[in-house]
Amino acid sequence: MKIDVEYLQFMWPMRHFLVTCGDINRKSNIIAVSFCMPVSKEPPLIACAVGKGAYSCALIEEAKEFVVNVPLRELEPKIYYCGYHSGHEVDKFKEPGLTPKPARKVKAPIIEECVAHMECKVIQKIETGDKNLFIGEVIEAYADEKIVKGKAKTAFAEGNFPWKVYSIRFKKEREERNGK
Ligand SMILES: Cc1cc2nc3c(=O)[nH]c(=O)nc-3n(C[C@H](O)[C@H](O)[C@H](O)COP(=O)(O)O)c2cc1C
């Protein structure tokens with residue numbers, strides 16, 4: 001027997017990234033993003049889905065740039081901080097203790113504590129339900145030499161499915177169908 005499920009549970013585990021946006025000299029922000037993946041090798045394109053109400057969404061729409069920063073697992077508490085708080089209310093560099101550094105080509109900062117950085121220029125925006133899908137062309141990509149040569153594990157989430165973050169869409173229908 002097959003039963004109805006929260007579909008995202010079966011797309012787990014996911015990679016976690018910290019996407020930076022805005023302008024290092026004015027206002028910049030960090031958002032935890034897991035809906036992020038490569039969508040072309042040539043040209044090199046990354047698709048990143050950002051909630052329409054997120055502070056980051058407005059910043060990316062304005063600057064048409066973002067950076068995908070790759071955190072190590074030890075940054076997990078800070079990733080969750082950035083995923084549970086909004087730049088509308090807090091400074092997500094200052095509060096969790098993450099350091100902004102100038103990027104090579106875009107105005108958004110990179111996060112020093114992350115080990116790899118993909119600087120992207122937005123070439124397309126697609127509205128996808130509650131998110132805007134930003135397609136970014138990777139114009140710079142660089143990483144800590146010791147990470148490239150070593151075996152450090154990046155923030156690949158293998159643990160329990162985070163129901164609080166991901167389970168929303170079909171919850172009501174499922175509960176009604178299951179008579180809860
Ligand atoms: C592990 C994790 C992954 C997340 N992935 C995404 C994502 O892919 N897209 C998204 O819009 N929000 C995602 N979120 C939620 C945002 O990070 C969250 O809404 C954040 O508060 C938005 O911040 P902002 O308003 O400063 O932009 C994720 C949260 C966590 C904890």
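Worth knowing before you read on, the calculation uses all heavy atoms, side chains too, and leaves out hydrogens, waters and symmetry mates. Order of appearance sets the numbers: ligands from 1, and atoms from 1 within every ligand.
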*Just wondering, are more than 12 heavy atoms of other shown residues or ligands nearer than 6.0 Å to NZ in Lys52?*
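Yes.
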*Count the heavy atoms belonging to other residues, nucleotides or ligands that lie under 6.0 Å from NZ of Lys107, then report whether that count exceeds 12.*
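No, the 6.0 Å shell around NZ holds no more than 12 heavy atoms from other groups.
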_Looking at ligand 1, is there an atom of it that comes within less than 4.0 Å of some heavy atom belonging to Lys92?_
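Under 4.0 Å: yes for Lys92.
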*Determine whether the side chain, the backbone, both or neither of His85 has a heavy atom under 4.0 Å from any heavy atom of ligand 1.*
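Just the backbone.
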Can you list the atoms of ligand 1 that are under 4.0 Å from a heavy atom of [X]?
| X | answer |
| --- | --- |
| Gly51 | 10 (C), 11 (O) |
| Tyr55 | 24 (P), 25 (O), 26 (O), 27 (O) |
| Lys131 | 9 (N), 10 (C), 11 (O) |
| Ala54 | 25 (O), 27 (O) |
| Val50 | 11 (O) |

_Parallel, tilted or perpendicular: ring planes of Tyr84 versus Tyr80, cut at 30 and 60 degrees_ =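 Tyr84 vs Tyr80 ring planes: tilted.
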Polar-atom distance check: [X] versus ligand 1, any N or O pair below 3.5 Å?
| X | value |
| --- | --- |
| Ala32 | yes |
| Gly53 | no |
| Asn29 | yes |
| Ile79 | no |

*Where the side chain of Asp144 meets the backbone of Lys146, is there a donor-acceptor pair that is under 3.5 Å apart?*
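Judged by distance alone, no pair lies under 3.5 Å.
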*Given side chain to side chain contact (heavy atoms under 4.5 Å, CB included), test Ser34 with Phe17 step by step and report yes or no.*
CA-CA 6 Å; Ser34 293; Phe17 301 99; over 6 Å; no
*Which is closest to atom 16 (C) of ligand 1 in terms of heavy atoms, Gly83, Gly22, Gly87?*
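Of the listed residues, Gly83 has the closest heavy atom.
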*For atom 10 (C) of ligand 1, which of Cys82, Ser34, Ala49, Cys57 has the closest heavy atom?*
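Looking at heavy atoms only, the winner is Ala49.
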_All pairs passing side-chain hydrogen bond (donor to acceptor under 3.5 Å, both in side chains) where residues 108-121 contributes a residue, at least two apart_ =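 Only Glu65-Lys121, Asn69-His117, Thr99-Glu113, Glu119-Tyr142 qualify under side-chain hydrogen bond (donor to acceptor under 3.5 Å, both in side chains).
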*Establish whether Leu133 and Val122 are linked, either directly or via other cluster members, by ILVMFWY side-chain heavy-atom contacts under 4.5 Å.*
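No: no chain of side-chain contacts under 4.5 Å links Leu133 to Val122.
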*In terms of hydrophobic clustering (I, L, V, M, F, W, Y; side-chain heavy atoms under 4.5 Å; direct or indirect links), are Val19 and Phe134 co-clustered?*
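Yes, it is one cluster - the side chains of Val19 and Phe134 are joined through contacts under 4.5 Å.
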*Between Met118 and Ile46, is a side chain to side chain contact (heavy atoms under 4.5 Å, CB included) present by the stated rule, with each step listed?*
CA-CA 9 Å; Met118 279 84 88; Ile46 290 177; 4.1 Å; yes
